[in-house]
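Working notes, structure below.
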Amino acid sequence: MLCTCTLLLLIPLYYVLRWVWELFKVKDLEKRAVLITGCDSGFGFKIALQCARAGIPTFAACLTQQGIEKLKKEENSSKLRPFQLDVTKDESVQQAVKFVDSNLKNGEYLWALVQNAGVFTIHGPDDFMNAQHYQFSFDVNCLGCIRVTQAFKKHIKKCQGRIIATSSVSGRVAFPGTGAYAVGKYGVEAYIDALRQELYPWGVKCSILEPGAFKTPLLDHQMHKNRVNKAWSQVDDETKAEYGEKYKDFIIESWNKALDTMASSNLAYVTDAYFHAITAQYPRKRYRCGWDSIFFYIPISLVPTELQDWIFRALISKENKGNVEPAVFAKKKTN
């Protein structure tokens, strides 16, 4: 009984103390440069502007020239230094190192890496996909993070800086239809977990963000429809007959509907976590971003696997009011 009471007292005490120590900020932010990948839109675009406007030298890596122009149009400041980077190409990453080194001004040094670049690779069930779908997802979402980190790690070690990476709730639990995406995000979790411990003697702090669903361009309805339809067009005839066009359309519609219901439009949940990880003297090891992440996905990742599977089946069943199922099962019921 005594142990239980002590535990109940220690838990709120921990959160009060954490709130206090997280208020402490690092000094001289105007000299501590940050490199952010994936700044064309969404979280990367917003955190790049937030950092630059706070006086932090900000290297905003964009995949496209259009992304660079959009940033320049939004903020005309010497603190914002956009440039082009493809995280899937070693040569592009090496060019990024040269760009950063040549554009650090007097007294500035690279303090933080924000690994934000990513792609949303939801194509439907594994039967709809091939190895190339997984390879593309892993190359951008996981190996992209590794390439950039390894290229700039020496900079970060010299100043006891920060490495911050975006994973996802899909890096904690893989639910039906998310295989290719989850593989990349699980990889990010594993990499940063290992790196955090390896770089501890150098004083480098590593943080992982685990966002839930947010209304960014990645979740565009038409883009999701196009992804699934493209994957479906490459499926063999036997598999198409097994699933049926009706079930394929259900996958598209149910996914879009679920995201409309769950996804938050408040991107600040993520960008504020980024900013804290960059500027706090004591950043968190993990940031859970969004109410769905905090109260659903992270808790469900901790329950027994059998219960986890049952919960996902129940949610899919609730969404499937028309009792749509793969054609092969529907056909058996009519026979």
Side-chain angles (χ1 to χ4, degrees), residues 120-129 133-134 137 141 166-189 208-216 218-221 223-225 227-229 231-232 235 239-266 269-270 286-335:
F120 196 58
T121 46
I122 305 296
H123 303 274
D126 182 67
D127 280 346
F128 288 16
M129 293 185 283
H133 290 113
Y134 285 87
S137 177
N141 292 329
T166 299
S167 174
S168 165
V169 291
S170 292
R172 293 293 295 269
V173 57
F175 38 99
T178 67
Y181 186 65
V183 163
K185 293 303 184 179
Y186 267 77
V188 171
E189 295 265 350
I208 299 173
L209 270 65
E210 297 172 333
F214 286 87
K215 293 179 180 177
T216 69
L218 288 181
L219 299 190
D220 179 77
H221 283 201
M223 287 176 64
H224 176 61
K225 184 177 181 179
R227 275 194 303 269
V228 176
N229 281 331
W232 178 259
V235 168
T239 303
K240 285 182 178 178
E242 189 176 21
Y243 281 89
E245 193 88 20
K246 187 177 180 181
Y247 190 77
K248 182 265 295 182
D249 291 339
F250 166 71
I251 290 171
I252 296 170
E253 292 164 11
S254 61
W255 186 266
N256 282 336
K257 185 178 178 182
L259 289 176
D260 280 342
T261 303
M262 297 185 67
S264 171
S265 58
N266 188 0
Y269 287 136
V270 176
R286 274 182 167 80
Y287 292 83
R288 283 88 186 198
C289 310
W291 298 118
D292 58 335
S293 175
I294 296 169
F295 292 113
F296 179 70
Y297 290 110
I298 300 303
I300 205 174
S301 72
L302 304 175
V303 305
T305 303
E306 293 80 5
L307 178 58
Q308 188 182 108
D309 290 353
W310 181 86
I311 291 170
F312 282 134
R313 285 196 298 270
L315 289 173
I316 293 170
S317 177
K318 183 180 178 182
E319 182 65 32
N320 190 4
K321 294 178 181 178
N323 294 318
V324 181
E325 57 187 349
V328 65
F329 299 119
K331 188 176 180 180
K332 285 180 180 178
K333 288 181 178 179
T334 59
N335 290 340

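All residue numbers in this chain count up from 1 along the given sequence.
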Side-chain touch [X]/[Y], heavy atoms, less than 4.5 angstrom:
{"X": "Phe175", "Y": "Leu315", "result": "no"}
{"X": "Ile298", "Y": "Ile294", "result": "no"}
{"X": "Tyr243", "Y": "Pro125", "result": "yes"}
{"X": "Tyr134", "Y": "Asp126", "result": "yes"}
{"X": "Pro211", "Y": "Thr166", "result": "yes"}
{"X": "Val173", "Y": "Phe312", "result": "yes"}

Is there a donor-acceptor pair under 3.5 Å between the side chain of [X] and the backbone N or O of [Y]?
{"X": "Tyr287", "Y": "Glu210", "value": "no"}
{"X": "Thr178", "Y": "Ala174", "value": "no"}
{"X": "Gln308", "Y": "Ile300", "value": "yes"}
{"X": "Asp127", "Y": "Thr239", "value": "no"}
{"X": "Ser264", "Y": "Gly290", "value": "no"}

Nearest-0.5 Å distance, [atom1] of residue [X] to [atom2] of residue [Y]:
{"X": "Ile316", "Y": "Glu325", "atom1": "CD1", "atom2": "CD", "result": "13.0 Å"}
{"X": "Tyr269", "Y": "Ser293", "atom1": "OH", "atom2": "OG", "result": "12.0 Å"}
{"X": "Arg288", "Y": "Ile208", "atom1": "CZ", "atom2": "CD1", "result": "9.0 Å"}
{"X": "Glu253", "Y": "Lys248", "atom1": "CD", "atom2": "NZ", "result": "9.0 Å"}
{"X": "Asn256", "Y": "Thr261", "atom1": "CG", "atom2": "OG1", "result": "10.5 Å"}
{"X": "Asn229", "Y": "His224", "atom1": "CG", "atom2": "NE2", "result": "9.5 Å"}

Could you tell me which non-hydrogen atom of [X] sits nearest to which non-hydrogen atom of [Y], and how far apart they are?
{"X": "Lys215", "Y": "Ala263", "answer": "CE-O, 3.3 Å"}
{"X": "Ser254", "Y": "Ile251", "answer": "OG-O, 3.3 Å"}
{"X": "Ser168", "Y": "Tyr181", "answer": "OG-CE2, 3.8 Å"}
{"X": "Ala241", "Y": "Ala327", "answer": "O-CB, 3.5 Å"}
{"X": "Val270", "Y": "Cys289", "answer": "CG2-CB, 3.8 Å"}

If only side-chain N and O atoms count, and only distance matters, is there a donor-acceptor pair under 3.5 Å linking Glu189 with Ser167?
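Yes.
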
For the pair Trp291 and Phe295, name the ring-plane relationship: parallel under 30°, tilted 30 to 60°, perpendicular over 60°.
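Ring orientation of Trp291 relative to Phe295: parallel.
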
Over 60° means perpendicular and under 30° means parallel, so tell me whether Phe120 and Trp255 are parallel, tilted or perpendicular.
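Tilted.
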
Lys185 vs Val169, test: side-chain contact (heavy atoms from CB on, under 4.5 Å). Steps then yes/no.
CA-CA 8 Å; Lys185 293 303 184 179; Val169 291; over 6 Å; no

Hey, mind stepping through Glu245 and Trp232 against side-chain contact (heavy atoms from CB on, under 4.5 Å) and telling me if it holds?
CA-CA 9 Å; Glu245 193 88 20; Trp232 178 259; 3.5 Å; yes

Start with the C-alpha gap between Thr121 and His133, add the side-chain angles, then the distance that decides, and say whether side-chain contact (heavy atoms from CB on, under 4.5 Å) holds.
CA-CA 8 Å; Thr121 46; His133 290 113; over 6 Å; no

For Lys225, does the NZ atom have more than 12 heavy-atom neighbours from other residues, nucleotides or ligands under 6.0 Å away?
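It does not: Lys225 NZ has 12 such atoms or fewer within range.
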
